[in-house]
Enquirer: 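Sharing a structure, written as structure tokens. Questions coming.
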Amino acid sequence: MPKAAKRGAHRKRRERSPLPGMLLHQDGSTHEWGTGTTLDLIVTMDDATNEHYSMFFVDEEGTQSSFRVCER
């Protein structure tokens with residue numbers, strides 16, 4: 001089988017952060033939940049441990065939903 005083409009620089013794997021809490025990821029994904037309800041699921045997780053710090057639903061992802069994690 002021929003070797004696959006190399007991926008771009010933005011797709012290279014990187015080492016995980018060595019300390020918990022050093023780097024957090026936040027992602028928002030739109031899904032249809034239940035009976036036709038479309039909501040965004042906002043997830044904040046730790047890069048080092050994959051621990052999930054928060055998960056909640058919002059009508060639309062935005063600045064307020066990003067800062068909501070900081071209030072806690």
Enquirer: List the residues meeting side-chain contact (heavy atoms from CB on, under 4.5 Å) with L23, not counting sequence neighbours, and say none if there are none.
Expert: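 Only R14, S17, H25, D47 meet the side-chain contact (heavy atoms from CB on, under 4.5 Å) criterion with L23.
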Enquirer: List in chain and number order the residues that pass side chain to side chain donor-acceptor pair (under 3.5 Å) with T38, two or more places apart in sequence or in another chain; answer none if no residue qualifies.
Expert: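 Partners of T38 under the side chain to side chain donor-acceptor pair (under 3.5 Å) test: none.
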Enquirer: What residues, two or more places apart in sequence or in another chain, satisfy side chain to side chain donor-acceptor pair (under 3.5 Å) together with Q26?
Expert: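 For Q26, the residues satisfying side chain to side chain donor-acceptor pair (under 3.5 Å) (neighbours in sequence not counted) are T44, S66.
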Enquirer: When you group the ILVMFWY residues by side-chain heavy-atom contacts below 4.5 Å and let the links chain together, are M55 and M45 in the same group?
Expert: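 No, M45 and M55 fall in different hydrophobic clusters.
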Enquirer: Suppose we screen for side chain to side chain donor-acceptor pair (under 3.5 Å). Which residues come up paired with S29, at least two apart in sequence or across chains?
Expert: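 Partners of S29 by the side chain to side chain donor-acceptor pair (under 3.5 Å) criterion, ordered by chain and then number, come out as D27.
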Enquirer: Hey, any chance L39 and L41 share a hydrophobic cluster, counting ILVMFWY side chains that come within less than 4.5 Å of each other, even indirectly?
Expert: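 Linked within one cluster.
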Enquirer: Could you work out, with side-chain contact (heavy atoms from CB on, under 4.5 Å) as the rule, every residue matching V58, not counting sequence neighbours?
Expert: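 Residues passing side-chain contact (heavy atoms from CB on, under 4.5 Å) with V58: D40, I42, F56, S65, R68.
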Enquirer: If you look only at pairs with a residue in residues 51-63, which of them pass as a salt bridge (Lys or Arg N to Asp or Glu O under 4.0 Å), with sequence neighbours excluded?
Expert: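 Listed once each, the pairs would be none.
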